[in-house]
Amino acid sequence: MPRSRKNPMPYAPADAHIHFSLHPDHHPDHHPGVIATTSGPTADAARSHLHDLGWHSTNPTTMVLARIDHEEPYYTTTATELLQRYGFTTEIDPAPQAEIDAEWVWESYRFPGCSREEVRERTAAAQHIHDDINDGHLIIHLHAGSGHNTVAVGSYTAGVRRHVHLHGENHLRLIRARFDDESEAIAEFQRRYTATARPGPAPLTDLEKTVRQVLRGQTPTSGSTKSTDTAPTTPPTAAPGEHEEFLASFLDDNPQWEKYRTWSDETTIVSHENLTVRAEFDHEARHRTDTAWTIAEYNGPVGERLWHATVTVGTPVPLIQTLLQHVDAPLPVGTTEAYEPLRDAGCRPSSHPTWTSLRAPNNTITLDHVPHASDDRWTLCGGADLDRAVWAIRLSAGVSHDVLTQLARTAAALAGSPPAPARRAPGVSQLPATFPQPRGRVR
């Protein structure tokens, strides 16, 4: 039976009833929201109170609460207590009441030594930042990847004109630094994150997408809703030591390539016999963002450099092989544009103010094109976007249509059919081991 509460009222009675229930798309490991249904002559007054507490209208009789900090049960309790003080009758279904009474696991909050109330204060601050961005009160100028985190610089448009550096995502986002001058804030951000800075806000996380869809009264299409078209899949990734194996095998199988000694054993340089394509391999590269390969093509043995590429640790071997072997296997004249192999594989194009992206349907590979960039004009990465990529290939302006087309064909093949995990032959990448998901109800 639904549980009704009506406490002694310090104010005049209010003739309205508010019923709280879980969002229809609720499941134990995800909280897409709580719905409040209002009825009665003074329902508008109750809805006004709920709006002040962060609830959003989805139609004339219902409001919804959805948060990135998963604190809907706590703030539902806060709402019912306030409404009861003003004389409204509240009713909570057994399902949301069970969520309110549950003892939750806090392992995803990363605030060691903090009490539950202190954690809630920090995540509430992250919620305010999210709401300010969503409502247009905080404009994001640039974002960047910093290790496993997302950082950004933005300016508040109302009240005191504050300019801030943000760090983290979802309930872990916080203000890292404050500035009085917008140009100073942007200049400092660009100085710190020159290599990865991108214009505008970072792509929405799955949780942010779900929350915003719920607040608009739409059915969530990410997070709690499983879709074979958009479900995240582990990108193809080279196993540790696979690049070294490939280099040794490549030199054995391709006598037209020659290895050169360097003053350090940490680096190997190889060159094609026509002296127009050269590659440098760093044996000490370990981190996913470290550059393992640097490849360049020249217009002659002593000519100017035409283009260059950098390849990070974890990049699948077939893509490296494509970059090296294009000189020996050119495409016939008159081939189609470089994008076409990826489009044929079902990659979805999307346009941004300063760049264009093509993303594989399973989110394993993405190709970005920044038309006005000189160094990183083309970027192929493993993952849904460069900020969270497990590997990346960056190509400068001047890279030939031939190279791009062959690289796109190889990428499309990798995205379309995951490699067999048992094979270790050069030219075949392997998927990294998956990690077990934590059991229990975590928020």
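Quick note: numbers below take in every heavy atom, side chains included, and nothing from hydrogens, waters or symmetry partners. A quick note: this is a predicted structure, and the numbers were derived from the prediction, not measured. Just so you know, residue 1 is the first one in the sequence shown, and it goes up from there.
Partners of Ala177 by side-chain contact (heavy atoms from CB on, under 4.5 Å), not counting sequence neighbours, listed by chain and number: His165, Phe179. Thr62 meets the side-chain hydrogen bond (donor to acceptor under 3.5 Å, both in side chains) test with Thr58, Asn59; sequence neighbours excluded. Under the rule for a side-chain contact (heavy atoms from CB on, under 4.5 Å), the partners of Arg191 that lie at least two apart in sequence or sit in another chain are Glu188. Val313 meets the side-chain contact (heavy atoms from CB on, under 4.5 Å) test with Ala285, Asp290, Ala292; sequence neighbours excluded. With sequence neighbours excluded, the residues that form a side-chain hydrogen bond (donor to acceptor under 3.5 Å, both in side chains) with His283 are Thr268. With sequence neighbours left out, the side-chain contact (heavy atoms from CB on, under 4.5 Å) criterion links Pro201 to Ile140.
Looking at His143 and Thr150, their side chains never bring a donor and an acceptor atom within 3.5 Å of each other. A donor-acceptor contact closer than 3.5 angstrom is absent between the side chains of Gln406 and Thr322.
How far NE2 of His130 is from CG of Leu207: 7.5 Å, rounded to the nearest 0.5 Å.
The main-chain N or O of His171 is never found under 3.5 Å from a side-chain atom of Gln127 such that the two would form a donor-acceptor pair. Distance alone, capped at 3.5 Å, places no donor-acceptor pair between the Ser396 side chain and the Trp307 backbone.
For the pair Phe281 and Leu247, the tightest heavy-atom approach, listed with the atom from each and the gap, is CD2-CD2, 3.8 Å. Closest approach of Pro318 to Leu414, counting heavy atoms only: CG-CD2, 4.3 Å. When all heavy atoms are compared, the tightest approach of Asp282 to Thr291 is CB-O, 3.9 Å. Of all heavy-atom pairs spanning Leu50 and Ala79, the tightest one is CD2-CB, 3.9 Å. Closest heavy-atom contact between Ala144 and Thr196: CB-OG1, 3.4 Å. The shortest heavy-atom contact between Pro96 and Ser21 is CG-CA, 4.0 Å.
The one candidate from Arg162, His137, His163 that meets the side chain to side chain donor-acceptor pair (under 3.5 Å) condition with Ser155 is His163. In summary, of the residues considered (Val164, Thr157, Asp131), a side-chain contact (heavy atoms from CB on, under 4.5 Å) with Leu138 occurs for Val164 alone.
A salt bridge links Asp368 with Arg198: the distance from a Lys NZ or Arg NE/NH1/NH2 to an Asp or Glu carboxylate oxygen falls below 4.0 Å.
Ring geometry for His272 versus Trp257: interplanar angle over 60°, hence perpendicular rather than tilted (30 to 60°).
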Side chain to side chain donor-acceptor pair (under 3.5 Å) between His326 and Glu297: does it pass, once the steps are laid out?
CA-CA 11 Å; His326 78 277; Glu297 184 171 6; 3.1 Å; yes
